[in-house]
Protein chains: 2
Amino acid sequence: MSLRSALLALLRIGPMSGYELQKQFSQSVGHVWHAPDSQIYPELKKMANDGLITAEEQARGSAGMRKLYHVTKAGQKAFTDWMDKPLKYQRTRDAAHLKAAYLESASDGAVREFLESHIEHWQNELECWEDEIAAIEAETSPMLVRRLAAIPESERTTSVAYKRFAYEGLADRARSEITWARRGLDLVRELER
Amino acid sequence: MSLRSALLALLRIGPMSGYELQKQFSQSVGHVWHAPDSQIYPELKKMANDGLITAEEQARGSAGMRKLYHVTKAGQKAFTDWMDKPLKYQRTRDAAHLKAAYLESASDGAVREFLESHIEHWQNELECWEDEIAAIEAETSPMLVRRLAAIPESERTTSVAYKRFAYEGLADRARSEITWARRGLDLVRELER
DNA sequence: TTCACCATGTAAGTTGTTACATGATTCC
DNA sequence: GGAATCATGTAACAACTTACATGGTGAA
């Protein structure tokens with residue numbers, strides 16, 4: 001259901017094609033909720049079937065085609081319903097921490113490599129999110145600018161504040177993972193003695 | 001592949017039935033990697049087919065039955081291979097932060113409820129993990145005790161240290177989520193003015 | 001003309017969710 | 001005799017992954 005909500009959230013900014021949505025999912029929103037194109041196109045079709053969006057078919061050139069999706073009233077409602085109803089939390093499934101619990105069974109080099117690549121992974125994530133925060137603050141994020149233009153002035157502060165808040169949470173998480181893995185490297189050194 | 005590795009990790013402690021494994025997945029390991037029984041039983045069958053484990057059938061009473069699963073050499077290898085090869089990180093899919101980014105579209109009460117239930121959720125998780133850490137330190141965790149009895153003394157410190165390290169990472173994450181959501185509640189108050 | 005980008009998908013397989021389904025044993 | 005717990009699954013569905021498959025447009 002979250003993919004659907006993420007798509008609705010983007011389409012509420014303005015009508016978009018599957019391709020444009022897909023671009024967003026490989027950039028901005030994609031850093032919060034990832035989805036490949038092979039999931040996006042079928043989902044859009046299903047959403048159109050369910051009446052949440054409508055496809056406006058446009059010709060491009062002589063033979064090219066594209067479908068611009070618009071959110072319907074039912075779609076708006078589906079989105080605000082999702083916003084207003086409590087989130088269902090998934091039970092934990094954390095491969096890195098599962099592996100960490102059995103690190104005594106890994107070969108010497110593998111432990112260090114694991115921790116170092118954990119740091120690298122989360123440092124990349126952190127960078128993405130810090131860039132997003134910077135773009136939000138500077139209001140250079142194209143989607144945010146479009147969204148802000150479409151809503152009354154009174155809501156703009158709130159909108160920016162929550163977006164920033166969301167990405168800060170993700171950045172916090174990344175920092176926490178990095179700190180943890182660094183402590184792991186200290187632990188390895190300690191255990192070696 | 002992580003479910004398989006988690007099952008192998010447990011079975012390396014000693015032969016167990018599907019039922020016992022399932023119990024572990026609803027307690028200790030289940031707090032790191034969740035799996036329902038409907039996933040465990042078929043996976044055990046597949047693992048037996050793949051030669052990673054063997055089932056020892058035991059009668060209980062007159063008509064009762066149970067299968068004790070043992071790890072084979074191939075299973076041992078599969079586990080250490082998983083330990084030694086780098087983890088593939090899943091791309092981010094975080095419903096709570098996705099929702100947070102669009103909180104300006106939620107009704108007034110829903111924002112607070114969302115943040116409060118986020119805190120509640122992560123406080124529950126934190127409690128589980130802190131209990132696990134306490135059990136690891138006191139060496140009262142039955143699985144850990146069994147494992148420690150089966151390995152040479154020299155490895156015991158390492159084994160305990162990594163287990164503790166893993167759960168501390170999860171606890172850190174929970175704390176980070178709680179701090180974030182609390183900051184969110186502050187933000188709501190600020191925006192109300 | 002060729003390359004980057006626009007544009008839209010299908011297909012097969014794996015993993016995970018939710019609900020259903022059944023029966024034995026042990027302890028009180 | 002009844003409840004908790006032991007014990008093992010199936011079925012239908014939803015979500016996600018990986019790989020494949022195709023063709024148009026626009027600019028250098």
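Letters A, B, ... are given to chains in the order of the sequence lines, protein chains preceding strands, and every chain is numbered from 1. Atoms considered below: every heavy atom in the structure, side chains included; atoms not considered: hydrogens, waters and symmetry mates.
Distances shown here put a side-chain N or O of B:Lys45 below 4.0 Å from the OP1 or OP2 atom of D:dT10. OP1 or OP2 of D:dT17 has at least one side-chain nitrogen or oxygen of B:Arg93 nearer than 4.0 Å. When the side-chain nitrogen and oxygen atoms of A:Lys88 are compared with OP1 and OP2 of D:dA14, none of them lie within a distance under 4.0 Å. Close to D:dC6, at under 4.0 Å from its OP1 or OP2, lies a side-chain N or O of B:Tyr19. Between A:Gln22 and the phosphate of C:dG9, there is no side-chain N or O to OP1/OP2 separation shorter than 4.0 Å.
Atoms CG (B:Leu3) and P (C:dT15) sit 8 Å apart, rounded to a whole Å. A straight line from CD1 of A:Ile40 to P of D:dC16 spans 12 Å, rounded to a whole angstrom. Distance B:Glu57 CD to D:dA7 C1': 12 Å, rounded to the nearest Å. B:Leu21 places its CG atom 13 Å from the C1' atom of D:dT8, with the value rounded to the nearest Å. C:dG16 atom C1' lies 12 Å from atom CD of B:Gln90, rounded to whole Å. Per the geometry, CG belonging to B:Asp37 stands 12 Å off C1' belonging to D:dC6, to the nearest Å. In this structure, the CD atom of B:Gln58 is 14 Å from the P atom of C:dT25, given to the nearest Å. Going from atom CZ of B:Phe25 over to atom C1' of C:dT15 covers 14 Å, rounded to whole Å.
With DNA chain D read from its 5' end, the first of the two nearest nucleotides for A:Gly64 and A:Gln39 is the one closest to A:Gln39. Residue-to-nucleotide proximity on DNA chain D shows that, of A:Lys46 and B:Arg66, the 5′-proximal contact is made by B:Arg66.
B:Glu20 comes within 4.0 angstrom of nothing in the nucleic acid, heavy atoms only.
A donor-acceptor contact closer than 3.5 angstrom is absent between the side chains of A:Glu155 and A:Ser159. A donor atom on one side chain and an acceptor atom on the other are found under 3.5 Å apart for B:Ser107 and A:Asp84.
A perpendicular orientation is assigned to the rings of A:Tyr102 and B:Phe79, their planes being inclined by more than 60° (bins at 30° and 60°).
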Show the distances under 3.5 angstrom between N or O atoms of the protein and N or O atoms of nucleotides 26-28 of chain C.
none

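Residues A:Tyr41 and A:Leu3 are members of separate hydrophobic clusters, defined by side-chain heavy-atom contacts under 4.5 angstrom among Ile, Leu, Val, Met, Phe, Trp and Tyr. Note on B:Tyr19 and B:Trp33: separate hydrophobic clusters, where clusters join Ile, Leu, Val, Met, Phe, Trp and Tyr whose side-chain heavy atoms are under 4.5 Å apart, directly or indirectly. Note: the hydrophobic cluster containing A:Met143 also contains A:Phe165 (ILVMFWY, side chain heavy atoms under 4.5 Å, direct or indirect links).
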**Request:** Using the side-chain hydrogen bond (donor to acceptor under 3.5 Å, both in side chains) rule, take A:His118 and A:Glu177 through it: C-alpha gap first, then chi angles, then the decisive distance, then the call.
**Result:** CA-CA 8 Å; A:His118 194 78; A:Glu177 294 286 349; 2.8 Å; yes

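Under 3.5 Å, the side chain of B:Ser17 and the base of D:dT8 form no donor-acceptor pair of N or O atoms.
Ranking C:dT18, D:dG9, C:dA11 by closeness to the B:Pro36 side chain, first place goes to C:dT18. Which of C:dT15, D:dC6, D:dT10 sits closest to the side chain of B:Met1 comes down to C:dT15. The B:Trp33 side chain lies nearest to C:dG16 when the options are C:dG16, C:dA19, D:dT17.
Every residue meeting the ring-ring contact (aromatic ring centres under 6.0 Å, His included) condition with B:His121, not counting sequence neighbours, appears here in chain and number order: A:Tyr89.
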